[in-house]
Structures are given as structure tokens and as C-alpha cells.
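In what follows, every heavy atom counts, from backbone to side chain, and hydrogens, waters and symmetry copies are set aside.
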Amino acid sequence: MSTSVKVTDRTKSHLEELQAEIRLETGTNVTQQELLERIVTDTYESRDELIDSFRDDFEPLSDDEIERWLSSSSDWGVETTEDEIDAVLYGE
């Protein structure tokens, strides 16, 4: 089964460059389809890095920043239960 996949001009150019480099380094001609299949198969087998590449760049607070943030809180002398917090947050 063959399906078309639309790619940007930049991606097409990258595929062509990879094709040429493979041909120069190995003497083997590969089609763009073969190249894409190899890329997808190899990436699928070790997908953690690919998945991580779609995550937002999140930098957690340093210990000093956490301490500074927590130090600005104060005790109001009122006990609050988890149920009361849930009721405020989730309307339960």
C-alpha cells in the first residue's frame, strides 16, 4: 500500500541531501521512500527522544527559587481539609 505524505520544501531538501550523502558514502542508491521508511522504523524503535522533542521546554525552579517562593507564604491559622480544597477547585 502506498500513501502520499506532504512535506515542506525544507524537508524534501533534507531528504535529497541525505540520499546524496548515502550514495557518496556507501555507493548505494536509495529512494526517498526507502530513506523515510528507515528513518521512521529506527525512530519508532527508540521513540523516547522523539516524544521528548515535542515537550515544552520546561525548566523547574531551583531550590533557592522554591525556598524564596515558599518563604512568602504565611499561616493564617485556619485548618483546611482536602475536601474543602476540592470543593473550591472542582466545585464538588
Side-chain angles (χ1 to χ4, degrees):
M1 179 177 101
S2 180
T3 303
S4 297
V5 176
K6 292 183 180 183
V7 296
T8 63
D9 290 340
R10 180 175 183 235
T11 300
K12 178 83 167 159
S13 176
H14 287 313
L15 285 171
E16 290 168 352
E17 287 176 27
L18 285 168
Q19 268 185 297
E21 191 167 345
I22 290 167
R23 187 173 32 258
L24 285 172
E25 295 287 330
T26 68
T28 303
N29 289 322
V30 294
T31 65
Q32 289 182 5
Q33 180 177 339
E34 291 171 317
L35 184 55
L36 279 171
E37 286 178 8
R38 176 77 56 98
I39 290 168
V40 170
T41 299
D42 289 354
T43 302
Y44 185 81
E45 290 173 1
S46 58
R47 64 189 107 179
D48 289 342
E49 189 174 328
L50 176 66
I51 292 169
D52 286 344
S53 74
F54 285 93
R55 296 187 196 284
D56 290 336
D57 291 336
F58 172 77
E59 291 193 29
L61 297 174
S62 68
D63 289 342
D64 289 339
E65 291 169 321
I66 292 171
E67 184 59 39
R68 193 168 55 239
W69 186 78
L70 290 174
S71 69
S72 67
S73 62
S74 60
D75 185 357
W76 292 7
V78 177
E79 291 281 329
T80 308
T81 67
E82 289 179 15
D83 290 335
E84 291 170 318
I85 294 170
D86 287 345
V88 170
L89 290 176
Y90 308 115
E92 294 177 4

**Student:** Any chance CD of E65 has more than 12 other-residue heavy atoms, nucleotides or ligands included, within less than 6.0 Å?
**Tutor:**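 Enclosed.
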**Student:** Okay, side chain of Q19, backbone of V30: is any donor-acceptor separation there less than 3.5 Å?
**Tutor:** yes
**Student:** How many angstroms lie between atom CG of L35 and atom NE2 of H14, to the nearest 0.5 angstrom?
**Tutor:**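 With rounding to 0.5 Å, CG (L35) is 12.0 Å from NE2 (H14).
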**Student:** Could you grab the distance from atom CZ of R68 to atom CG of D63, nearest 0.5 Å is fine?
**Tutor:** 12.0 Å
**Student:** To the nearest 0.5 Å, what is the distance between CG on L89 and CD on E82?
**Tutor:**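 Here the rounded value is 11.5 Å.
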**Student:** Taking atom CG of L15 and atom CG of L36, what is their separation to the nearest 0.5 Å?
**Tutor:** 5.0 Å
**Student:** In this structure, would Y90 and I85 fall into the same cluster of hydrophobic residues linked by side-chain contacts under 4.5 Å?
**Tutor:** yes
**Student:** If you take all heavy atoms of L18 and I39, which pair is closest and at what distance?
**Tutor:** CD1-CD1, 4.3 Å
**Student:** Can you pull out every salt bridge (charged side-chain N to carboxylate O under 4.0 Å, His left out) where at least one residue sits in residues 27-54? Sequence neighbours excluded, please.
**Tutor:**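 As it turns out, the salt bridge (charged side-chain N to carboxylate O under 4.0 Å, His left out) pairs with a partner in residues 27-54, which skip direct neighbours, are D52-R55.
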**Student:** Answer with yes or no whether the hydrophobic clustering places L70 together with L61; edges join I, L, V, M, F, W, Y residues whose side-chain heavy atoms lie under 4.5 Å apart.
**Tutor:** yes
**Student:** For E84 versus E79, what's the shortest heavy-atom pair and its separation?
**Tutor:**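 Reported closest heavy-atom pair: OE1-O, 3.9 Å.
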